[in-house]
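Single-structure report; data block below.
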Amino acid sequence: MATIIVQPGGARAGRQRVNLTAIAHNRLMLLLILFMMITAVLILRLTWVGIFASGNGNGDGLSGFTPARADIVDRNGVPLARTMDAYSIAVRPSKLIGDPDELARKLHEIFPDESETVFAKKLTGRGWAYLRRRALPEEVAAVNALGEIGIEFPREKERLYPQRTLAAHILGFAPNAEGKGGMGVEAAFNDRMIDPAQRSRPFAMSIDSRVQGALESELYAQLVQTRAKGAGGIILDVNTGEVIAMASIPVFDPNKLQNYAGKRCSESPLCNHMVQARYELGSAFKPLSIAAAMDAGVVTSMSKRYDATAPLAVGGFRIKDDHSLGRWINVPEILVHSSNIGTARIADEMGAAPLQKLFRSLDFDQRAPIEFNERAGGLWPTNWGRITSMTTSYGHGIAVTPLHLAAAYAALVNGGIWRPATIRKLKADEVPEGRRVFSAATSARMRQLLRMIVSAGTGRSADAKGFRVGGKTGSAEKPQEGRYNKTSLVTTFASAFPMDNPRYVVLVTMDEATGQYGLRTAAWTAAPVVKRVVERTGPMLGVMPDERRDVDISDLMPLLHGDKETE
């Protein structure tokens, strides 16, 4: 049997190890309890801040973190306006240590859009002054590297527009985060933007920034190519009234506002010509007038013919076609060849009352049908005599905004229901019921006729393959000093696609454009833009080209005589 020998010091060493283990365990427990207490304090503090720090007493747990002004996003959530802590750059002239002229030169190199003279004036002024509001981080770093102690970099809450000029006329601007919006969505929905109960949620606009970008780039390219004075366009959902894109050129950058006070709309980049400027839109009115005649029972057959052999003399006026066919023409030919004489004869047979009723139902006598504060009303004739009814039928003697016309075309092709345009993204249950302005049968016939104009008439240059575009050209002389200027045209192409199941109106307007070979009508200046815009944006909007589908116009094609189309 083995004998176990216990050393006198062994028991003492064992007891020491047990005591050390107990001490370590107690220390760990104390650290754990301390960590849990700190965590609990942090959680309580965050809860306190979330509930009470805003001081508005509304009990919103997130109110302490909400921006001073709601963000604005497009229909897909892309941010277009945000409120954030931004850098500004300011100067205290009395503390400058360097040469102001040299410093002004260096600042101009960093900010080439501001002159040395302006910087020098601020650097030698009597008091504190901003050198730049809403400065980019890299700009702040460059100025800071100058080592000038008299320059400061205050952080301020600023309203920033990260996409710069994109959709500027729709967004508008807000001078600062807490201030009132100056125009566009910022002004129209100002109360929503600053409402403490809602500003934590972004305001969703109806526009698609991808489509907006495509529309703007195509308009600008055409403006440069045709040396136009201005350009504009609208893409509208025909079934909801939502504005998917709206552009007006010239543009402005809401991050860098200038003083445009006192300038007329036609002279200011701030002017949204799609809702603020009114034009006589010419032949684009003809489909509306003929649709009114159909519903009034005046046009009961597409084969009915009207005398266009010679200019029409009425009360000292002569209504003529630019390129007369010199014969009797039927209804499809009136639209395909864009005959003023034929349209005027239909209007004369119809009388003033049905045409007035239609134009009023389309809000042509009201301000542009959208939420913006800055919007123009139509120029309504004061006397609806016989000549007025005849000339307004083909778009002369009455002026409306391009948005008026876009909303009218939506009703013309969607089955006959007019709805006001909106810049808000609508839920399914928010789409307005609208009002009937055309019969469903007339709308179906007009879809055929509009498609016919593009496939065989003045709108051929808008025919985007596979997208089944239908529309109408319009070229109108601009009034100037009490008369019409024959060398100054506003050209328009109002269209919709796909015409077998219309989803979007696309309208393009060009101001004093000159097309290929010096031709200035809408067929050469506005219609080609529609083609390119549809080709680019159709797939973005879920409309894919399909050359196997189209509107059936086989019953109308035999009615065309085959003469050369006119504008």
Side-chain angles (χ1 to χ4, degrees), residues 238 280-306 308 312 314 319 329-336 338-366 369 378-381 383-400 404-419 434-450 452-453 470-474 476 492 494-496 502 505 556:
V238 304
E280 293 186 15
L281 293 171
S283 297
F285 265 52
K286 290 173 182 174
L288 305 176
S289 303
I290 290 177
M294 291 181 190
D295 281 337
V298 173
V299 173
T300 57
S301 170
M302 292 292 99
S303 61
K304 185 175 181 179
R305 301 173 73 205
Y306 296 86
L312 180 59
V314 181
I319 297 174
I329 56 178
N330 58 42
V331 175
E333 288 177 315
I334 288 173
L335 287 175
V336 167
S338 198
S339 171
N340 294 339
I341 298 171
T343 307
R345 288 194 181 278
I346 290 175
D348 192 32
E349 183 180 348
M350 177 171 53
L355 200 58
Q356 281 193 66
K357 180 182 177 182
L358 172 64
F359 289 168
R360 290 188 189 277
S361 70
L362 295 172
D363 269 16
F364 284 1
D365 60 338
Q366 305 293 323
L379 186 61
W380 190 256
N383 176 24
W384 278 86
R386 184 186 179 200
I387 186 64
T388 300
S389 296
M390 297 172 79
T391 58
T392 56
S393 71
Y394 56 85
H396 285 267
I398 183 171
V400 297
H404 278 105
L405 188 63
Y409 265 66
L412 190 64
V413 302
N414 72 4
I417 305 299
W418 182 91
R419 295 180 179 87
R435 59 174 176 260
R436 180 163 293 282
V437 294
F438 301 107
S439 69
T442 292
S443 178
R445 179 62 84 183
M446 293 311 302
R447 290 197 290 271
Q448 288 181 294
L449 290 168
L450 291 172
M452 201 173 187
I453 293 169
K472 182 69 186 77
T473 50
T492 302
S495 67
V505 161
L556 297 179

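Residue numbers start at 1 and run along the sequence shown. Worth knowing before you read on, the calculation uses all heavy atoms, side chains too, and leaves out hydrogens, waters and symmetry mates. Since the model is a prediction, treat every value here as computed from it, not as a measurement.
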- Task: Take Ser338 and Lys472 through the test side chain to side chain donor-acceptor pair (under 3.5 Å) and record every step on the way to the result.
- Result: CA-CA 9 Å; Ser338 198; Lys472 182 69 186 77; 2.9 Å; yes
- Query: Between Pro287 and Tyr409, what is the shortest heavy-atom contact and its length?
  - Reply: CG-OH, 3.4 Å
- Would one find more than 12 heavy atoms of other residues, nucleotides or ligands at under 6.0 Å from atom NZ of Lys304? yes
- Query: Between Glu333 (side chain) and Asn330 (backbone), is there a donor-acceptor pair under 3.5 Å?
  - Reply: yes
- Between Phe285 and Phe359, what is the ring plane arrangement, given parallel below 30°, perpendicular above 60°, and tilted in between? perpendicular
- Task: Take Phe364 and Thr392 through the test side-chain contact (heavy atoms from CB on, under 4.5 Å) and record every step on the way to the result.
- Result: CA-CA 12 Å; Phe364 284 1; Thr392 56; over 6 Å; no
- Task: Provide the closest heavy-atom pair for Val298 versus Tyr306 in the form atom of the first, atom of the second, distance.
- Result: O-OH, 4.4 Å
- For Met452 and Val336, what are the C-alpha separation, side-chain angles and deciding distance, and is it a side-chain contact (heavy atoms from CB on, under 4.5 Å)? CA-CA 7 Å; Met452 201 173 187; Val336 167; 4.1 Å; yes
- Please name the pair of heavy atoms, one in Leu288 and one in Leu358, separated by the smallest distance, quoted to 0.1 Å. O-CD2, 3.3 Å
- Note on the structure: Here the pair of heavy atoms bringing Ser301 nearest to Val331 is O-CG2, 4.0 Å
- Does any N or O in the side chain of Arg386 come within less than 3.5 Å of the main-chain N or O of Ala352, such that one atom is a donor and the other an acceptor? no
- Could you give me the CA-CA distance, side-chain angles and deciding distance for Ile319 and Ile387, then say whether side-chain contact (heavy atoms from CB on, under 4.5 Å) is met? CA-CA 10 Å; Ile319 297 174; Ile387 186 64; 4.3 Å; yes
